[in-house]
*Asks:* 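First the structure, which I've put down as structure tokens, then a few questions once you've had a look.
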2 protein chains.
Amino acid sequence: MTETDAPTTVRRGPGRPPSTHAQEAIRVAARRLFSAKSYGGVSVREVAAAAGVDPSLVIRHFGSKEALFLQTMTVDESFRGLVEGPLEELGRLILERLLTVRGGAAVSTYAALIGAIDRPEVRSYLEASADRHVVRPLAERLTGPDRHLRARLVATQVNGLLFDLRGRPDAGLAGRPTAEVLQVYARALQALIDDPTA
Amino acid sequence: MTETDAPTTVRRGPGRPPSTHAQEAIRVAARRLFSAKSYGGVSVREVAAAAGVDPSLVIRHFGSKEALFLQTMTVDESFRGLVEGPLEELGRLILERLLTVRGGAAVSTYAALIGAIDRPEVRSYLEASADRHVVRPLAERLTGPDRHLRARLVATQVNGLLFDLRGRPDAGLAGRPTAEVLQVYARALQALIDDPTA
DNA sequence: TTGATTGAGTCAACGCCGTTGGCAGAAAGG
DNA sequence: CCTTTCTGCCAACGGCGTTGACTCAATCAA
């Protein structure tokens, strides 16, 4: 076959082909440990031991501890399509998707990311992620004044909720079940989604 | 609070009297560095050098890096009396106090604390602080259903705003000035403060 | 087949970190 | 006096993220 087709295989020169075996083991171990503990609470040596590889191999393959963290802890899948649906009930819809979809994976992953918010690259990723999946698509749909600012502040409200839900996988806030929290907080989101002049 | 008498001088036995000289230098240096950088971005050795003392002395006097952090970075002064005032405009009042009082010291201090949210003791302090200064006093004043939950979610909204304001001392959010952010976000807070059945 | 090239995996080490123990001296009380 | 208590300094510990040197395996080109 020629090198112009076969999109699944990349043109490579001589040499041993890359193996995804250890990489996957590291990724799985890192995802589990980072979710259970936190960025600072997990050492590269610990991830390596859980994956059954040498600590230096982790850095070799992923560049740095922070790069490994960013590659394994992503929220884009949970955020995609978050602000779709009728505007009149979008506040409730957003929260439903965040808290219930995929067993609340967004919550625990976001918790880990917030725990590493010290790191400039983590902060950049979270800002870009919120901008791409929430602020910009929502601002386009809103009507009335201050559309971009209102969309940004909806993201702020979501950040606050995800921040406060840290470490409480299924239980809600202040001892309240998720459904109750969802219903009340949806009103607050809706206050920024609705056109204030209408 | 259970001191018997002589609040300024403590009963002491023989020995050299404690000096507050180095402690204060360490406290000042720590406050400045932790505010400018973050918990993880400042080393004990760095604080010690800025204060002109030995690194081991920092630990000797404060117990640990985390204890020094918690002793120097407190938000209670900024939070006290935060939810006082007429309920009809309390949303605006809360944000005004947070963003403008004492040059926004609450924002930068809170940013540093959030940056160390990994640490269980830091998380406990923030939760207790929000509970003491926001949730409980506000819940007592609210009317209508779900008073405690609504008060808790107002704190959640505040957390979201302080989280998103990280590192932007005076500038607002999304390029908007503080006043504009304040006015719009106040509506969102007010949506939880107002009695939904009224 | 042979040789070059590329990546996998191992080991020891580097510099920095928070923290601890030991020790010399100073300032108080008995 | 001696004892006690605190200061300040030094060296060291174990752990951290990361790097360099090295061996070995797998692939391609000649």
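Protein chains get the first letters and strands the later ones, always in sequence-line order, with residue 1 at the start of each. Being a predicted model, the structure only gives us computed values, none of them experimental.
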*Asks:* Tell me, which of residues 49-74 of chain A have any heavy atom that sits under 4.0 Å from an atom in DNA chain D?
*Replies:* A:Ser56, A:Ile59, A:Arg60, A:Ser64, A:Lys65

*Asks:* Would you say the side-chain atoms of A:Arg150 pair up with the backbone N or O of A:Leu192, donor to acceptor, closer than 3.5 Å?
*Replies:*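 Indeed, once roles are kept as given, a pair shorter than 3.5 Å links the two residues.
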
*Asks:* Could you tell me whether A:Asp76 and A:Arg132 have a side-chain N and a carboxylate O separated by less than 4.0 Å?
*Replies:*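 The answer is yes: the pair qualifies as a salt bridge.
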
*Asks:* Look at A:Glu84 together with A:Arg141 and state whether they make a salt bridge at an N to O cut-off of under 4.0 Å.
*Replies:* no

*Asks:* Using whole Å, report how far CD of A:Glu46 lies from P of D:dC16.
*Replies:* 8 Å

*Asks:* Does A:Arg136 pair with A:Glu140 as a salt bridge, N-O distance under 4.0 Å?
*Replies:*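 Between A:Glu140 and A:Arg136 there is no salt bridge, as every charged N stays at least 4.0 Å from the carboxylate O atoms.
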
*Asks:* Mind checking if B:Gln23 touches a base, just sugar-phosphate, or nothing, with heavy atoms under 4.0 Å?
*Replies:* sugar-phosphate

*Asks:* Is B:Asp131 salt-bridged to B:Arg152, cutoff N-O under 4.0 Å?
*Replies:*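 The answer is no: the pair does not qualify as a salt bridge.
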
*Asks:* To the nearest Å, give me how far apart CD1 (B:Ile26) and C1' (D:dC6) are.
*Replies:*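 Checked: the CD1 to C1' distance equals 14 Å.
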
*Asks:* Quick one, A:Ser43 with A:Lys65, criterion side-chain contact (heavy atoms from CB on, under 4.5 Å). Give me CA distance, side-chain angles, the key distance, then yes/no.
*Replies:* CA-CA 8 Å; A:Ser43 68; A:Lys65 181 188 180 183; 5.6 Å; no

*Asks:* Would you call B:Lys37 and B:Glu46 a salt bridge, using N to O less than 4.0 angstrom?
*Replies:* yes

*Asks:* Test for a donor-acceptor pair under 3.5 Å between the base of D:dG15 and the side chain of A:Arg45, counting only N and O atoms.
*Replies:* no

*Asks:* List in chain and number order the residues that pass ring-ring contact (aromatic ring centres under 6.0 Å, His included) with A:Phe69, two or more places apart in sequence or in another chain; answer none if no residue qualifies.
*Replies:*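 Residues passing ring-ring contact (aromatic ring centres under 6.0 Å, His included) with A:Phe69: A:Phe34, A:Tyr39.
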
*Asks:* Check each residue of residues 31-44 of chain A for a non-hydrogen atom within less than 4.0 Å of any atom in DNA chain D, then write out the ones that pass by number, or none.
*Replies:* A:Val42, A:Ser43, A:Val44

